[in-house]
Amino acid sequence: QVQLVESGGGSVQAGGSLRLSCAASKYTYSTNCMGWFRQAPGKEREGVASLYTGSGRTYYADSVKGRFTISQDNAGNTLFLQMNSLKPDDTAMYYCAAYSGSWFSCRGEPRVSDFRYWGQGTQVTVSS
């Protein structure tokens with residue numbers, strides 16, 4: 001059983017930075033595709049970034065490309081999302097997620113339906 005625990009959310013002014021963390025138990029033993037999603041009030045959950053552990057290939061939504069960076073610690077137990085140059089539109093509940101999939105499935109925009117394991121979410125609020 002994979003357990004995901006998120007942390008690092010909070011309130012920040014526009015232009016500021018936050019780093020989200022997602023601690024996983026037995027993460028690399030059970031999964032090879034990891035991602036970050038976000039959901040703002042009244043909107044559907046959307047994929048922000050993903051990482052395929054087999055090759056290190058990453059994906060970023062156009063809205064965050066150049067500002068956000070997804071990464072993993074050396075042991076593969078923690079997933080990070082470094083968020084720089086934050087904008088008010090980034091305000092949302094952020095979720096980490098993971099599943100076992102091929103490089104082919106773990107490409108492009110992360111799909112909610114593909115991810116089996118989910119964290120509880122951490123709130124990010126960006127003020128103008």
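Hydrophobic clustering of Ile, Leu, Val, Met, Phe, Trp and Tyr side chains at less than 4.5 Å, counting indirect connections, keeps Met34 apart from Tyr52. In this structure, Val124 is a member of the same hydrophobic cluster as Leu79, with clusters built from ILVMFWY side-chain heavy atoms closer than 4.5 Å. Linking ILVMFWY residues whenever their side-chain heavy atoms come closer than 4.5 Å, directly or via other members, leaves Tyr59 and Ile70 in distinct clusters. Both Tyr60 and Leu18 belong to a single network of hydrophobic side chains, linked directly or stepwise wherever heavy atoms of I, L, V, M, F, W or Y lie under 4.5 Å apart. Cluster membership check: Val12 shares its hydrophobic cluster with Tyr94, using side-chain heavy-atom separations under 4.5 Å among Ile, Leu, Val, Met, Phe, Trp and Tyr.
Remark: Glu109 CD to Asp114 CG distance equals 11.0 Å, nearest 0.5 Å. Interatomic distance, CG of Leu51 versus CG of Leu81, reported as 11.0 Å (0.5 Å rounding). Asn77 contributes atom CG, which lies 12.5 Å from atom OG of Ser21 (distance to the nearest 0.5 angstrom). The CD atom of Gln39 sits 9.5 Å away from the CD atom of Glu46 when rounded to the nearest 0.5 Å. Taking OG of Ser128 as the reference point, atom NZ of Lys87 lies at 13.5 Å (rounded to 0.5 Å). To the nearest 0.5 Å, the span separating CE on Met93 from OG1 on Thr122 amounts to 7.5 Å.
Cation-pi contact between Arg107 and Phe104: present, with separation from the ring centre below 6.0 Å and deviation from the ring axis of at most 45°.
In this structure, the side chains of Trp36 and Met83 stay at 4.5 Å or more apart for every pair of heavy atoms. For the pair Arg116 and Val2, the minimum side-chain heavy-atom distance is 4.5 Å or more. Counting only heavy atoms from C-beta outward, the side chains of Thr91 and Gln123 approach each other to under 4.5 Å. The side-chain heavy atoms of Ser17 and Gln82, taken from C-beta on, include a pair separated by under 4.5 Å. Between Glu6 and Leu20 the shortest side-chain heavy-atom distance does not fall below 4.5 Å.
By the 4.0 Å N-to-carboxylate-O rule, Lys65 lies close enough to Asp62 to be salt-bridged with it.
Of all non-hydrogen atoms in Ser50 and Gly108, the two that sit nearest each other are OG-O, 4.0 Å. Between Phe37 and Arg45 the shortest heavy-atom distance is CB-CG, 3.8 Å.
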Quiz item: Can Leu86 and Phe68 be said to form a side chain to side chain contact (heavy atoms under 4.5 Å, CB included), step by step?
Solution: CA-CA 9 Å; Leu86 284 163; Phe68 290 11; 3.8 Å; yes
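Shown here are the side chain to side chain contact (heavy atoms under 4.5 Å, CB included) partners of Ser105, two or more places apart in sequence or in another chain: Tyr99, Ser102, Arg111.
Residues Tyr95 and Phe115 place their aromatic rings such that the two centres sit no closer than 6.0 Å.
The number of heavy-atom neighbours closer than 6.0 Å to CD of Gln120, taken from other residues, nucleotides and ligands shown, is above 12.
The backbone N or O of Gly54 lies less than 3.5 Å from no partner atom in the side chain of Asn32, so there is not a single donor-acceptor pair. Listed for the Thr125 side chain is no donor-acceptor partner under 3.5 Å among the backbone atoms of Ser11. Judged by distance alone, the side chain of Arg67 and the main-chain N or O of Ser85 form a donor-acceptor pair under 3.5 Å.
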